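Read the structure below first, then the notes.
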Amino acid sequence: MKAGKVLLFIAAVIALLGLLGLLWPEKGVNIGIGTLSFPDPMSVLTSEKTSIHYEAEKDSTLMKDSSEVANMDEIEKMKYEVLTSENAIYFPDNNPVWMDGVFDQLVQAGKKHLRIIHYGDSQIEIDRMTSEIRHLMQSEFGGCGVGMIPAVQTVPTTAIKQSCSADMTRYIVYAPDKKLKSRQYGPMGQTAQLAGNATFTFAKASMKSTKPGTKKFARIGIFYENANEAGGKVTTNDTTIEFTLDPNETFACIDVGRYIDHATVSMYGNALIHGFTLDGKGHGVQVDNVAMRGCSGTIFTQIAGQSLATYFNHFDVPLVIMQFGGNAMPYLKPGKSAKSYCDGLRNQIRYIRKMSPKTKILFIGPSDMSTKIGSKMQTYEQLPVIVDSLKKMCLGENVAFWDLYEAMGGWNSMIAWVKANPQLAGPDYVHFTPLGAERAGKMLTNAILKTYEYYLKRNPEVRVSGKMKEYDIYEIDTKSYADGMYVGNRDTSSSVVPDSTGRAAETTTDSI
């Protein structure tokens, strides 16, 4: 048969099959042993139900049948619930005793000042998620104030209103420009150059969603380096307190002596100002929010050790929370690039641990994120694999892991959060709305609370306030979130995203 006739025959068969597919009943034809039907090719490729995706293997040693659970004593049952309850934290060696060292310090917070620092990308901007953790900790262990804030704040927050009178040069370790050869970026990964005079103002935020603990403070701290004839004064109402920055030190604390809700700090001289702290009267717990827009989490080793260690040297820090992965996700693939990214994060974890060997680290994996596949939005295909890789790396480094992707609902859960009424995530299918961030934060605090209750059961001598409570995440007061603050689709001129190895690379697209 000639080639032309073969081609004509093939075309005729394809046309016939296409016509048959169009005319075939939508519900198919019953042929006795079943129903014969023609699926819609696009629905197979884009359907949420038929998408094939990676599922992380569950630890079979954790799951027990009902008879085994019934035979457990009370403490064993509590441990089992901590490890298997909804939204549970994954602990190294499946042992929630990992948190004992953290709680041992927190229960002493009535006598001293403790800090927890929450690093993350723009998913935690505006004080989202961090505010829930701070509220939980301060309710139980005492403390007030918003904690550490940058010298120049470019993103409004629900925690504090602040401004700066001077156009200060800023250096940011996670941005592509304005780098410091000395790498003196401080604990927030950014610093501002004081050269002359500058006035900073701080006042309580009055939004409905502002947590009550952030509305007052009694001490103003200053993280700095390279001070040269620098000082200033703190003014609040009719009180003025003068101070100088010792060039041989890196932290100054101005004790106002009473609780206030606003203050002005006027400064002069030359110094790198890494940030301010607004805290209570020298005891209690503070949870610092350090949002690094566009960051993949692989930048800590680019901060000079001494500059970062100032934070840990001045305070007891029982816990560091790291929340990264979202910015790397679109550029990673299972295999070499995923391994490279996990290796990079492992180095950051070890670097932070070197700065403060006794500090525990809790890593929060990336949320679900959607991208367009065909005509529909769908979870990034590689996301579940990357999350599982991050979890295995963390547990291998004695780091606890909280799976935000899993807590949201897993595959295509971001779509449900965007479509929820009221919305839990924004139209970029990446960032949470304030209400969604509250829900995510409370899912995490519930997991922490279960672990804390297990700790208390094994340590009956510990006296506590009992103010901690578990939240029903499905009964959140939406009226508290009339603020409407949303991160996304803003100016990203200083944003960065990682390349395939997890290193930062400049981009003009919106990042988290």
Side-chain angles (χ1 to χ4, degrees), residues 48-49 51 53 85-89 118 120-136 155-159 205 207-211 289 291 293 321 323-327 329-330 364-373 376-380 383-384 387 402-449 469-490 510-512:
E48 297 174 13
K49 295 183 179 179
S51 296
H53 59 278
S85 62
E86 188 177 19
N87 310 322
I89 297 170
H118 184 187
D121 50 35
S122 66
Q123 193 67 279
I124 70 168
E125 276 185 343
I126 311 178
D127 206 36
R128 293 177 302 174
M129 291 189 66
T130 307
S131 62
E132 298 299 332
I133 303 169
R134 185 188 302 115
H135 183 60
L136 175 86
V155 179
T157 80
T158 62
M207 298 179 181
K208 292 181 180 180
S209 54
T210 305
K211 299 298 181 183
N289 173 274
R293 186 174 181 85
I321 301 172
Q323 184 171 345
F324 295 103
N327 282 298
M329 192 58 57
I364 300 176
S367 67
D368 187 31
M369 298 166 57
S370 303
T371 187
K372 185 166 284 189
I373 304 294
K376 293 186 178 181
M377 299 300 290
Q378 179 181 295
T379 294
Y380 279 91
L383 194 151
V387 169
W402 190 60
D403 192 341
L404 178 54
Y405 165 75
E406 181 181 66
M408 288 179 64
W411 187 260
N412 280 344
S413 56
M414 179 56 76
I415 297 170
W417 282 50
V418 172
K419 293 181 178 179
N421 186 18
Q423 279 188 303
L424 300 176
D428 61 359
Y429 288 80
V430 172
H431 293 94
F432 296 141
T433 62
L435 184 61
E438 181 201 20
R439 176 165 295 187
K442 286 183 174 177
M443 287 191 289
L444 174 58
T445 57
N446 283 352
I448 294 173
L449 178 58
K469 65 176 181 178
E470 185 172 354
Y471 294 96
D472 184 342
I473 61 171
Y474 300 104
E475 295 180 1
I476 295 174
D477 181 12
T478 58
K479 293 180 181 179
S480 295
Y481 284 85
D483 308 321
M485 297 186 75
Y486 165 70
V487 172
N489 301 319
R490 297 187 292 100
D510 190 42
S511 52
I512 65 174

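Every heavy atom of this structure was used, including side-chain atoms; hydrogens, water molecules and symmetry mates were not. Source: prediction; values computed, not measured.
With T433 contributing its side chain and L424 its backbone, the two residues share a donor-acceptor pair below 3.5 Å. Listed for the T158 side chain is no donor-acceptor partner under 3.5 Å among the backbone atoms of T210.
Results of the side chain to side chain contact (heavy atoms under 4.5 Å, CB included) test with F432 over R439, E438, Q123 single out Q123 as the only residue that passes.
Taken from OG1 in T130 to NE2 in H118, the straight-line distance is 4.5 Å, to the nearest 0.5 Å. Separating the CG atom in N87 from the CG atom in L404 is a distance of 9.5 Å, to the nearest 0.5 Å. Remark: M377 CE to T371 OG1 distance equals 6.0 Å, nearest 0.5 Å. Taking CG of L136 as the start and CD1 of I448 as the end, the distance is 6.5 Å to the nearest 0.5 Å. Taken to the nearest 0.5 Å, the OH atom of Y405 stands 6.0 Å off from the CH2 atom of W411. Atom CD1 of residue I364 and atom CD1 of residue I124 lie 8.0 Å apart, to the nearest 0.5 angstrom.
Of the charged side-chain nitrogens involved, at least one lies within less than 4.0 Å of a carboxylate oxygen, so that D127 and R134 count as a salt-bridged pair.
Taking every heavy atom of both residues into account, M369 and G326 meet most closely at CE-O, 3.4 Å. Minimum heavy-atom separation, N289 to R128: ND2-O, 4.3 Å. Closest heavy-atom contact between S367 and M414: OG-CE, 4.1 Å. Smallest separation of non-hydrogen atoms from M329 and P366: CE-CG, 3.8 Å. The two residues S122 and H431 have their closest heavy-atom pair at OG-NE2, 2.9 Å. Between I89 and A447, the shortest heavy-atom contact is CG1-CB, 3.8 Å.
Looking at T379 and D368, their side chains do bring a donor and an acceptor atom within 3.5 Å of each other.
With sequence neighbours excluded, no residue satisfies ring pair (Phe, Tyr, Trp, His ring centres under 6.0 Å) with W402.
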